[in-house]
Protein chains: 2
Amino acid sequence: MTEYKGKKNTEKEVAHVIRHIRELLENDEVLPGERLPAERKISADTGVSRAKVRLALERLESYSLVTILPQSGSVLSSQPRTALIRQISSILDGNKYDFNSLVQVRNLLETAAVRLCAERHTPEDIVLMEKAMQDFVDNVHGPLRDEKDFAFHTTIARCCHNSVIYHLLLMITPDVLGFYRRLRACATLPEDVVQEHLKILECIKNSDPDGAEQALKSHFADITAFAAANTNEVPRFRL
Amino acid sequence: MTEYKGKKNTEKEVAHVIRHIRELLENDEVLPGERLPAERKISADTGVSRAKVRLALERLESYSLVTILPQSGSVLSSQPRTALIRQISSILDGNKYDFNSLVQVRNLLETAAVRLCAERHTPEDIVLMEKAMQDFVDNVHGPLRDEKDFAFHTTIARCCHNSVIYHLLLMITPDVLGFYRRLRACATLPEDVVQEHLKILECIKNSDPDGAEQALKSHFADITAFAAANTNEVPRFRL
DNA sequence: GCACGTAAATTGGTTAACCAATTCACCGTG
DNA sequence: CACGGTGAATTGGTTAACCAATTTACGTGC
């Protein structure tokens, strides 16, 4: 009567375990920096198999919220209690972003990237960016258009020498692209896009942050307006 | 001759598998949107146990780079090839951020949050923020000081009604706090911090984005200067 | 020769038993 | 009474066998 179900409610059970851990934290049964109950204990308390408990803990570890010590136990990160709780909640919410928020942040990060790039680029950076630019021009009418467009923006983010900007941009990009595709946005003519990219690159090379910011802003003008008009889009993610 | 090793080189083997998948992608052996080799196949190809292969795939799935289909296989996300490769590389690098980059981005995100908050707060938002403010004042000399300080900033991020800003801020906060603690930064007098928080909240309530931005900037002035002076800090994370 | 159904092979998902390192309590010794 | 060591119990880590759903290939019947 194990009543084996081949379904994949793994996600739900993992979420249950994570929620359980959040409750432990909320009820002060474990404090930040302290040891969590053993995997077997959690498994017994929640009724979830140990493998799934393990999965949940590993997930939390990948967010740096717990550290699993090989033969000793799992300890909570020693951040402020509220920070832990909110981050756990954020994981449980599943990161469903709306289009407008995404576009705002993309604007924010890329603007900073472009400015920093203009201020402190090295000669090697210039080479990289011109290569990305040329790559884009060569493919602007081919099937790799989106690919190379993305690569150009990413290269700038890399050349701005701020690792956080680069990584966060990589992180939100899939969601942004998903919306673009779904909403059939980005109808600008290829030639215009090339010109806009060129203008941005030009300002960067001239070490002109304000000009670069302005060029980026007009590059994003259409999509910004579109996003502002299309807020409250149904959020659906995961590939 | 199984030569059982109780060590935890799990991380290294998982990384090996992820690197293997990146190579498949780089060599065009699998394209975005296509099916990956079966877990058992990957396990045989890499010499890593299937459980670890599984772990690697689940990690990639948690970043939305692959989707695991219950009894059918794992398929790559259909983003641009370059995007996938760079995101995988980013995971392999392990997200080691330097202090200066973190502070720059924190500035960026919180500035945007404060402005948005001033522009479009609701009455309920005001209640939440004043409650967070009061909470901070009540604990400014107690052991929960950092906790409540953090909670105040987070509440603003939540009230700005941009889910991406909120989540990204939550995401980088542990790293920021880690640096603060390690570098013994944040030596400002408690009373001054209260005043600065009050000023920010005041501007938000008056729907004055520029004032709020200015108040935030002076709130962050010390740490910004400190971070700029202490770049190239050795990056060490995970709790 | 084509279409359909069936069975075998392949897939991810799950479990339980086992391993070694660590922890901890207890007991003996100084 | 304090200290140190030893062994049992507990910990996370690993493995291999097994499950059901899906896919695939084949053979049968039309």
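Naming convention: chains lettered A, B, ... in sequence-line order (proteins, then strands); numbering from 1 in each chain. Reckoned from all heavy atoms, side chains included, excluding hydrogens, waters and symmetry mates. The model shown is predicted, which means the values in this text are computed figures rather than measured ones.
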Query raised in the report: Under 4.0 Å between a side-chain N or O of S72(B) and OP1 or OP2 of dA21(D)?
Result: no
Report task. Consider only side-chain N and O atoms of D93(A) and H167(B), and report whether a donor and an acceptor are under 3.5 Å apart. Result -> no
**Report entry** Minimum-distance nucleotide (side-chain atoms of R35(A) versus dC18(D), dT14(C), dT11(D))
**Finding:** dT11(D)
Query raised in the report: For the residue pair F220(B) and H153(B), does the interplanar ring angle fall in the parallel (under 30°), tilted (30 to 60°) or perpendicular (over 60°) class?
Result: parallel
Query raised in the report: Looking at E61(B) and R59(A), does any basic side-chain N land under 4.0 Å from a carboxylate oxygen?
Result: no
Query - Rounded distance in Å - CD (E11(A)) to P (dT14(C)) - result: 11 Å
Query - T10(A) side chain near dT14(C) phosphate (N/O to OP1/OP2, under 4.0 Å) - result: yes
Query raised in the report: Can you check the K52(B) NZ to dA16(D) P distance for me, whole Å?
Result: 11 Å
Report task. Rounded to the nearest angstrom, tell me the gap between atom CG in L69(B) and atom C1' in dA21(D). Result -> 12 Å
Report task. Quickly work out the Q71(B) CD to dG12(C) P distance and round it to whole Å. Result -> 9 Å
Query raised in the report: Taking the side chain of R50(A) as its heavy atoms from C-beta onward, which of dG12(C), dG12(D), dC24(C) lies nearest to it?
Result: dG12(D)
Requested in this report: Take the protein atom NZ of K12(A) and the nucleotide atom P of dT14(C), then report the distance between them rounded to whole Å.
Outcome: 13 Å
Report summary line: note: R40(B), atom CZ; dG12(C), atom P; distance rounded to Å ~ 7 Å
Report task. Measure from CG on L55(B) to C1' on dG12(C) and round the result to the nearest Å. Result -> 15 Å
Query raised in the report: For S49(B) and dT15(D), is the shortest distance between a side-chain N/O and OP1 or OP2 below 4.0 Å?
Result: yes
Query - Polar side chain donor-acceptor pair, S89(A) to R22(A), under 3.5 angstrom - result: yes
Report summary line: E39(B) atom CD is separated from dA16(D) atom P, nearest whole Å, by 16 Å
Query raised in the report: Which part of the nucleic acid, if any, lies within contact of A51(B), taking any heavy atom under 4.0 Å across all strands shown: a base, the sugar-phosphate backbone alone, or nothing?
Result: base
Query raised in the report: Charged N to carboxylate O under 4.0 angstrom, R81(B) versus D28(B)?
Result: yes
